[in-house]
Amino acid sequence: MGEADAVVGCDLLVTAGDESLSRLRPGTAQLVVNREEVPTTDFSRNPDWEFDAGNLMGRLKAVAAKALLKVIDAAAVARDILGDAVFANMPMLGVAWQRGMIPVSLASLKRAVELNAVQVARNLDA
């Protein structure tokens, strides 16, 4: 609790939730968050349910210093580059790695993608 230094949040709703926020080191945690709004199953049960992105972003900003919070539309990036939002997590990982949040070499990241053996070329492109 309160000890996570880095978060790659591929889902804004989950990342800004109480459980996730309780894991972050207040004031110093670095976050890369996907801004895409993905509704939960609550939406299917409650047609009046609203996705309050502003409130969710406020919750994240309260925990992380502004300079340490990077928000991107990873789904749009993946669609633009590879034609499919299914690859959105890889740009998220790439942004976190480029910001120094993932303490492994580029060669190690590439090797992990190769070992996963799923859409290797497209994931490396992403």
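Please read these numbers as outputs of a predicted model, since none were measured by experiment. Heads up: numbering here begins at 1 and tracks the sequence.
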Ser108 meets the side-chain hydrogen bond (donor to acceptor under 3.5 Å, both in side chains) criterion, sequence neighbours left out, with Ser105
Mind checking whether Leu106 and Leu93 sit in one hydrophobic cluster, side chains of I, L, V, M, F, W, Y counted as touching below 4.5 Å?
yes
In terms of hydrophobic clustering (I, L, V, M, F, W, Y; side-chain heavy atoms under 4.5 Å; direct or indirect links), are Val14 and Leu24 co-clustered?
no
Which atom pair, heavy atoms only, marks the closest approach of Ala85 to Ala78?
CA-CB, 4.0 Å
In terms of heavy-atom contacts, Thr15 and Cys10 come closest through OG1-N, 4.2 Å
Can you check whether Leu109's main-chain N or O pairs, donor with acceptor, with Trp97's side chain at less than 3.5 Å?
no
What salt bridge (charged side-chain N to carboxylate O under 4.0 Å, His left out) pairs are there with at least one residue in residues 22-33, not counting sequence neighbours?
Asp5-Arg25, Glu19-Arg23
Return all side-chain donor-acceptor pairs below 3.5 angstrom for residues 116-126, not counting sequence neighbours, or 'none' if the list is empty.
unit_1 : atom_1 : unit_2 : atom_2 : d
Arg122 : NH2    : Leu82  : O      : 2.3
Asn123 : ND2    : Val118 : O      : 2.9
Asn123 : ND2    : Gln119 : O      : 3.2

Between CZ of Arg79 and CG of Asp73, what distance do you get to the nearest 0.5 Å?
6.5 Å
Joint hydrophobic cluster, Val104 plus Val32, side-chain heavy atoms closer than 4.5 Å:
yes
Hydrophobic cluster membership, with links at side-chain heavy-atom distances under 4.5 Å among I/L/V/M/F/W/Y: are Ile81 and Ile72 in one?
no
Considering the options Ile102, Asn34, Val95, Leu31, which one meets the side chain to side chain contact (heavy atoms under 4.5 Å, CB included) requirement together with Val8?
Ile102
Do you know which two heavy atoms are closest between Leu12 and Met57, and how far apart they sit?
CD1-SD, 3.7 Å
Please round to the nearest 0.5 Å and tell me the distance separating atom NZ of Lys61 and atom CG of Leu56.
11.5 Å
Please lay out, stage by stage, how Arg59 and Leu21 fare under the test side-chain contact (heavy atoms from CB on, under 4.5 Å).
CA-CA 8 Å; Arg59 292 173 57 91; Leu21 292 179; 3.4 Å; yes
Side-chain (Ser22) to main-chain (Met1) donor-acceptor, under 3.5 angstrom
no
Which atom names give the shortest non-hydrogen contact between Ala4 and Ala29, and what distance separates them?
O-CB, 3.6 Å
Checking Val7 against Gln30 for the side-chain contact (heavy atoms from CB on, under 4.5 Å) test, could you report, in this order, the C-alpha distance in whole Å, the side-chain angles of both residues, the deciding distance, and whether it holds?
CA-CA 6 Å; Val7 172; Gln30 298 183 63; over 6 Å; no
